[in-house]
Every structure is written in C-alpha cells, then in structure tokens.
Amino acid sequence: MSMIKVKKLNKYFGDLHVLKNIDLNVEAGEVVSVIGPSGSGKSTLLRCLNRLEEPSSGDIIFEGISVMDDEHHDINELRQKMGMVFQQFNLFNHMNVMENITLAPIKLKNMDKDQAKKVAEDLLKKVGLLDKAEAYPAQLSGGQKQRIAIARALAMSPDVMLFDEPTSALDPEMVGDVLKVMKDLAAEGMTMVIVTHEMSFARDVADRVIIMDEGNIIEEGNPKQIFNAPKHPRAKDFLSRVLNLF
Amino acid sequence: MDFSFLLDYKNFFINGTQITVLLAFFAVLFGIGIGIVLAMFKISNNKFLKGIASVYIEFIRGTPLLVQLFIIYYGLPYLGVEFPDFPLLGQNVGDFMAGVIAMSINSGAYVAEIFRAGIQAVDKGQMEAARSLGMPYLMSMKKIILPQAFKNILPALGNEFIVVIKESAIVSIIGIHDLMYNADTVRGNTYKPFEPLIVAAVIYFIITFTLSKFIGLLEKRMDTA
C-alpha cells in the first residue's frame with residue numbers, strides 16, 4: 001500500500017521555482033533516500049510532506065488522506081503520524097530529555113504521565129541514552145541530541161519518519177551512532193524518507209534512492225543500480241563528485 | 001537647605017511613593033496583557049491583526065504620554081465612561097484608574113515590542129519541531145516559545161517597569177496623589193520650593209536604582225541557568 005503519494009507538487013519561493021511537478025510514491029515499510037546537490041529542493045520536498053512548507057500547488061496523499069484538505073482533516077492530527085527529525089535537532093531547550101519526549105504524547109494523545117514516561121524510557125533504551133533522561137539539551141553532544149530528537153518523534157508512534165539531513169550538523173565521530181539508530185529503525189520496518197548526504201547510508205540501507213536536481217527528480221531506483229550505473233548525465237556528474245570523496 | 005519639614009510631612013512622601021509604585025505596577029501588569037496580545041497579532045500571518053497591532057504601536061509610540069493621559073482623563077468621561085474607584089485605595093487618591101488605564105495603554109505598546117523581539121529571538125526550529133509533532137500553533141506558543149522567550153524578555157520588562165515609574169510622575173497633573181503630586185503639595189504647604197523636589201528625586205532614584213540592580217542580578221542568574 002502506498003503510504004505517501006505526491007502528485008504534481010510545485011513550490012515557489014517568490015519567483016524561484018524550487019519544486020517542479022514532483023510525483024513520488026512511498027510504500028509502507030519502504031526506506032527512501034533523497035540525495036542531490038544543495039539547492040536541489042530535496043529538503044523543501046520533505047518539508048512539504050507535513051506542510052511545514054506550504055506547497056504552491058499539487059497534492060500530497062498520506063494514508064489515503066490529502067494533507068492539503070483542511071476542511072475535512074486537521075493537519076495537526078496528520079502530523080502526529082509523521083515524525084520529523086531536523087538537521088539542527090531542535091530539542092526544546094527549556095525542557096530536559098524526559099520532558100522533551102513526553103510532552104507531545106501527554107498533551108496530544110492524552111497519555112498519562114507514568115505511561116508516557118515508560119514509553120520514553122523504552123525509546124531512550126533503544127537509542128542508548130537512558131542515563132540522559134534528566135539532562136538538558138545544552139548538556140548533550142550533537143549526536144546525543146539527534147538520537148533524543150529521534151526518540152521524541154518516535155514517542156508519538158508515527159507511521160512514517162521524515163529525516164531532514166539528520167547527520168549534516170554532526171561531528172564525524174558522532175554520525176555513526178545516529179546512523180545506527182536509523183538502521184535499527186529501518187530494520188524494524190519503519191517507513192522512512194531521508195534527505196541525506198550520507199552516500200554509504202543511502203547505498204546500504206535505502207530500498208530506493210532518489211536524486212534531485214534543480215527541483216526535479218532526475219533519477220530514481222534501487223541503490224545498486226543508481227550508484228553503479230546512473231543514467232542521467234547530471235546524476236552521473238553529482239555521484240562522481242560525491243563518491244570521489246570516499 | 002533645610003529638610004526639617006520631613007518630620008511633619010514624611011507621610012506625604014511615603015503615601016505618594018506607594019501610589020507611584022502601585023500605579024507603575026498595575027500599568028506594567030495590564031501593559032503586559034495588552035503587549036502579549038499585540039505581539040501575537042504582530043507575528044501572526046493575518047494581515048488584519050498585524051495591521052491593528054502596527055497602528056496601535058506606532059500611534060502610541062508616536063504621541064506624547066501627556067496627550068494620551070488627557071485623552072483618557074477628559075475623553076472617557078465625555079463619552080459617558082466613569083472611572084471606578086480602585087479597590088483598596090479609597091477615594092482620596094484622585095482618579096487613580098484614569099492613570100492606570102492611560103499608562104497601561106501606553107506601556108502596552110512598548111511591552112508588545114519587547115515581547116515581539118523576545119519571541120522572534122527564539123530559534124525558528126523550536127516552533128517547527130513543536131508543529132511537526134502535531135502540536136497546534138497556540139499550544140506550541142504557550143509550551144515551547146513563550147517559556148523560552150521569557151528569558152529574553154524579563155530583563156527588558158524590568159527596564160520597562162523602571163521607565164514607567166519615572167514617567168508616571170506625569171499623572172500628578174490630573175490630580176493623582178502620587179509621589180510627584182505630594183512633593184508639590186509639600187512645597188506649597190511649607191513655602192519651600194526646592195527641598196521637597198530633592199526628596200522626591202532621591203526617592204525616585206532609590207526605587208529605580210534598586211530595581212535595575214535587581215534586574216542585573218536576575219540576568220546573571222538566568223545566564224547560568
């Protein structure tokens with residue numbers, strides 16, 4: 001079953017046409033990596049999925065429901081089922097880790113405090129940071145913050161997780177911990193859309209890789225095919241540049 | 001210089017100081033209420049609300065407080081609005097309410113700018129993270145943005161309180177028995193045109209200086225928190 005269906009999505013920032021007639025399908029349980037040069041529109045595409053960025057035209061169907069249909073569906077309820085992880089983590093700075101994770105379940109799902117705490121503890125175990133439950137974001141490293149941010153998103157038990165360059169702001173030695181959490185998540189069957197610069201992650205974990213350039217999807221397919229034999233000349237160019245780094 | 005009149009007239013200064021501090025306190029308190037609403041209007045995407053807030057803020061900041069005070073003091077009764085007595089204070093302090101209303105309306109415009117700046121200084125990602133979890137806008141504001149904005153806002157609010165204390169001297173013109181008014185009364189009663197003013201100035205200074213030291217402490221505390 002298709003979990004997210006993007007139909008003829010366009011996005012303008014003023015005169016700048018950043019997404020051009022994008023069509024995209026994400027199946028339930030699928031891990032999709034979106035790669036491409038900076039400015040290609042990949043983050044904007046991701047942020048349109050939960051309407052943090054307002055699409056200029058087109059439609060996005062999530063689990064059979066249009067996220068654009070404000071008359072019949074509350075976007076806030078749809079967002080509860082779409083977890084998001086940001087490049088800059090965006091942990092709530094005035095709350096400790098436990099409060100960061102439990103706030104939304106308590107406020108939005110009417111979970112009682114003890115139950116929410118139990119959920120949070122399980123998630124903290126999963127990301128390997130149970131000992132940081134009382135810490136404040138300022139006391140954590142970037143890698144720790146990002147794993148907490150993942151736990152916070154998971155606490156709402158979303159059906160899909162959107163990752164917006166989750167490792168781009170991390171020191172190199174922190175990247176591995178975050179990627180491991182994401183790999184585990186993928187192995188559990190979570191549907192994931194990941195905008196990333198981590199080519200090895202895209203190659204090893206993704207079921208499908210999408211290459212964007214200047215607001216278009218220029219190539220998509222399974223990672224092997226994309227990384228070994230890209231067809232589009234711009235895709236070839238992009239991959240040769242980023243893969244040479246390794 | 002002869003300050004012996006203080007023995008007989010000290011209660012004038014004490015009572016006047018009370019009225020001045022109370023007036024400033026309520027003006028800032030109501031000003032905060034007005035300011036929060038205006039700040040929310042100003043950062044909203046609604047052009048109409050934005051417009052209302054902008055006009056209010058620009059107009060209040062662009063006209064003298066004395067004019068605003070007179071408009072309230074003479075204008076509202078003209079329109080049939082009577083000022084109620086302020087609870088607890090009784091009737092012998094003048095139209096305290098008129099002073100509170102005018103000063104609140106005035107302070108609200110400045111507080112709105114303080115809140116707007118404080119809110120906009122909070123990283124955008126905080127709101128995005130809250131919204132991405134499915135929290136509605138107002139809940140995100142209340143739970144995530146405002147608590148963090150308050151850190152930026154509190155010192156500036158303290159300064160606003162100081163400003164209001166100083167500017168409140170103007171309400172003596174409409175007969176509110178504040179520190180300035182009472183100092184003037186003492187001048188008349190004692191035939192000493194100069195010394196009571198010195199006393200009033202010293203009292204104003206003690207209040208504002210203490211407050212600004214206190215704000216400084218608070219700021220330091222928050223930096224470490």
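A, B, ... follow the sequence lines: proteins, then strands. Residue 1 opens every chain. The structure presented is a predicted model; accordingly, all values stated were derived computationally and were not measured.
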### Message
Main chain of A/His94, side chain of B/Gln148: is a donor-acceptor contact present, judged purely on distance under 3.5 Å?
### Response
no
### Message
Around atom CZ of B/Phe25, are there more than 12 heavy atoms from other residues, nucleotides or ligands closer than 6.0 Å?
### Response
no
### Task
Look at atom CG of B/Asn45 and say whether more than 12 heavy atoms of other residues, nucleotides or ligands are closer to it than 6.0 Å.
no
### Over 12 foreign heavy atoms within 6.0 Å of NZ, A/Lys5
no
### Side chain / backbone / both / neither for B/Met127 at chain A, heavy atoms under 4.5 Å
neither
### Query
Can you check whether A/Asn50 reaches B/Arg131 side chain to side chain, under 4.5 Å on heavy atoms?
no
#### Entry: Under 4.5 Å from a heavy atom of chain B, the part of A/Phe92 involved
both
## Note on the structure
Here the gap from A/Met156 atom CE to B/Ser132 atom OG, rounded to the nearest 0.5 Å, amounts to 10.0 Å
### Query
Can you find a heavy atom in the side chain of B/Leu133 that is under 4.5 Å from one in the side chain of A/Gln80?
no
#### Entry: Which atoms of A/Arg51 approach chain B - backbone, side chain, both or neither, heavy atom under 4.5 Å
neither
### Query
Does the side chain of A/Met84 reach to within under 4.5 Å of the side chain of B/Glu128, using non-hydrogen atoms?
no
### Interatomic spacing from NZ in B/Lys124 to CG in A/Leu52 - rounded to 0.5 Å
12.0 Å
#### Entry: Within-4.5 Å side-chain heavy-atom neighbours: B/Met135 and A/Asn76
no
### Query
Between B/Gly134 and A/Arg79, which heavy-atom pair has the shortest distance, and what is it?
CA-CB, 3.9 Å
#### Entry: Close side-chain approach of A/Leu108 to B/Pro136, heavy-atom, < 4.5 Å
yes
### Task
Give, for atom CD of A/Gln88 and atom CG of B/Asp123, the distance between the pair rounded to the nearest 0.5 Å.
7.5 Å
### Task
Measure A/Leu103 against the heavy atoms of chain B and call it side chain, backbone, both or neither at under 4.5 Å.
side chain
